*Asks:* 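This is the structure I want to talk about, given as structure tokens.
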Amino acid sequence: MNKKTDSQVNSLKISEGVITKIVRIAAGSIEGVAGFTKAKIRLGNLFSDAEDKPAIDVSTENGTVDITVNVVLSQGSKVKQVAERIQNKVKNDIQNMTGIAVTRVNVIVEDITLDNKEN
């Protein structure tokens with residue numbers, strides 16, 4: 001019998017796109033999250049063009065993942081509480097669904113929707 005075929009090692013790779021989708025579903029299910037938005041990052045001086053960063057940024061390193069989520073919250077939401085719920089839900093869902101350790105979940109509140117009930 002050939003030992004190489006008997007001791008084959010199986011592997012599983014999960015793309016960053018799949019992790020991004022899990023983040024979008026998890027964070028979007030939190031009450032108070034109105035949506036996601038691309039972050040504007042200024043490069044150089046104040047008058048230079050801003051570069052778009054994705055609404056959800058996933059960075060993998062050494063078998064762990066760091067996540068940054070740029071969200072828009074609903075008017076009247078308690079920012080700190082919603083952000084903490086996003087962090088917990090995203091971390092738990094990724095770890096439970098993929099088995100990948102989440103080292104950090106950064107939540108950036110880019111905007112808050114305004115209800116125009118006066119119109």
Side-chain angles (χ1 to χ4, degrees):
M1 206 178 248
N2 187 348
K3 285 194 172 196
K4 286 186 180 181
T5 57
D6 288 342
S7 63
Q8 284 181 335
V9 177
N10 295 324
S11 69
L12 170 65
K13 293 183 181 181
I14 299 171
S15 76
E16 289 182 2
V18 170
I19 295 171
T20 299
K21 204 170 262 190
I22 294 169
V23 172
R24 184 174 296 279
I25 293 167
S29 72
I30 302 296
E31 185 177 341
V33 175
F36 304 91
T37 186
K38 292 182 178 184
K40 294 280 189 183
I41 304 298
R42 291 237 175 248
L43 301 175
N45 68 32
L46 184 62
F47 301 107
S48 68
D49 289 334
E51 176 185 318
D52 280 340
K53 275 194 74 126
I56 299 169
D57 185 42
V58 175
S59 173
T60 56
E61 187 175 329
N62 298 326
T64 64
V65 66
D66 282 0
I67 298 160
T68 301
V69 185
N70 296 281
V71 295
V72 177
L73 299 185
S74 302
Q75 181 178 349
S77 297
K78 295 185 178 184
V79 175
K80 184 178 179 189
Q81 290 177 357
V82 173
E84 287 173 348
R85 286 188 196 124
I86 293 169
Q87 288 172 322
N88 291 330
K89 177 79 169 146
V90 166
K91 181 177 180 177
N92 289 335
D93 283 5
I94 288 174
Q95 290 182 161
N96 290 335
M97 294 174 90
T98 67
I100 298 172
V102 177
T103 54
R104 184 180 327 182
V105 178
N106 299 310
V107 177
I108 300 172
V109 178
E110 289 286 341
D111 202 358
I112 294 177
T113 60
L114 299 176
D115 292 335
N116 292 329
K117 294 181 181 177
E118 298 170 359
N119 292 341

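The structure presented is a predicted model; accordingly, all values stated were derived computationally and were not measured.
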*Asks:* So how far is it from E16 CD to I67 CD1, rounded to the nearest 0.5 Å?
*Replies:*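 If I round to the nearest 0.5 Å, the distance is 10.0 Å.
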
*Asks:* Side-chain heavy atoms nearer than 4.5 Å, only ILVMFWY residues, links allowed to pass through others: does that put I108 and V105 together?
*Replies:*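 No; tracing contacts between hydrophobic side chains, which count when under 4.5 Å, never links both residues.
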
*Asks:* In Å, rounded to the nearest 0.5 Å, how long is the span from CG of L73 to CD of E110?
*Replies:*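 If we round to the nearest 0.5 Å, L73:CG and E110:CD are 10.5 Å apart.
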
*Asks:* If you take all heavy atoms of F36 and G28, which pair is closest and at what distance?
*Replies:*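 In this case the closest contact between F36 and G28 is CZ-N, 3.8 Å.
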
*Asks:* Same cluster or not: I94 versus M97, using hydrophobic residues (I, L, V, M, F, W, Y) connected whenever any side-chain heavy atoms lie under 4.5 Å apart?
*Replies:*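 I94 clusters together with M97.
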
*Asks:* Is any side-chain heavy atom of I30 closer than 4.5 Å to one of V71?
*Replies:*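 Heavy-atom side-chain distance check fails, nothing below 4.5 Å.
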
*Asks:* Would a hydrophobic clustering, with Ile, Leu, Val, Met, Phe, Trp and Tyr connected at side-chain separations under 4.5 Å, put L12 with V18?
*Replies:*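 Yes, it is one cluster - the side chains of L12 and V18 are joined through contacts under 4.5 Å.
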
*Asks:* First locate atom CZ of R85, then atom NZ of K78, and finally report the distance between them rounded to the nearest 0.5 Å.
*Replies:*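 One gets 9.0 Å once the value is rounded to the nearest 0.5 Å.
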
*Asks:* So, taking the atom named CD in Q81 and the one named CD in E31, what distance separates them when rounded to the nearest 0.5 Å?
*Replies:*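 Nearest 0.5 Å value for the CD-CD distance: 10.5 Å.
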
*Asks:* Over all heavy atoms of both residues, which pair between I112 and Q75 is shortest? Give the atoms and the distance, please.
*Replies:*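 For I112 and Q75, the tightest heavy-atom pair comes out as CG2-CA, 3.7 Å.
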
*Asks:* For a 4.5 angstrom cut-off between non-hydrogen side-chain atoms, does I14 reach I19?
*Replies:*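 A side-chain contact under 4.5 Å exists here.
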
*Asks:* Going hydrophobic residue to hydrophobic residue with side-chain gaps under 4.5 angstrom, can you get from V79 over to V72?
*Replies:*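 Different hydrophobic clusters.
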
*Asks:* Restricting to non-hydrogen atoms, name the atom on Q95 and the atom on I100 that form the minimum distance, rounded to 0.1 Å.
*Replies:*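 In terms of heavy atoms, the two residues are closest at CG-O, 3.2 Å.
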
*Asks:* Supply the atom-to-atom distance D93 CG to N88 CG, rounded to the nearest 0.5 angstrom.
*Replies:*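 Going from the CG atom of D93 to the CG atom of N88 covers 10.5 Å.
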
*Asks:* How far does CG of D57 sit from NZ of K38, to the nearest 0.5 angstrom?
*Replies:*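 Taking CG in D57 and NZ in K38, the distance rounds to 12.5 Å.
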
*Asks:* Can you tell me if N96 has over 12 outside heavy atoms packed within less than 6.0 Å of its CG?
*Replies:*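 Counting other residues, nucleotides and ligands, CG of N96 exceeds 12 neighbours.
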
*Asks:* Can you name the closest pair of heavy atoms from I86 and A27 and give their distance?
*Replies:*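 Scanning both residues, the minimum pair turns out to be CG2-CB, 4.0 Å.
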
*Asks:* Can you name the nearest heavy-atom pair linking T113 to A34, along with the distance?
*Replies:*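 Shortest heavy-atom contact: CG2-CB, 3.7 Å.
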
*Asks:* Between S74 (side chain) and S77 (backbone), is there a donor-acceptor pair under 3.5 Å?
*Replies:*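 Between the backbone of S77 and the side chain of S74 there is no qualifying donor-acceptor contact (under 3.5 Å).
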
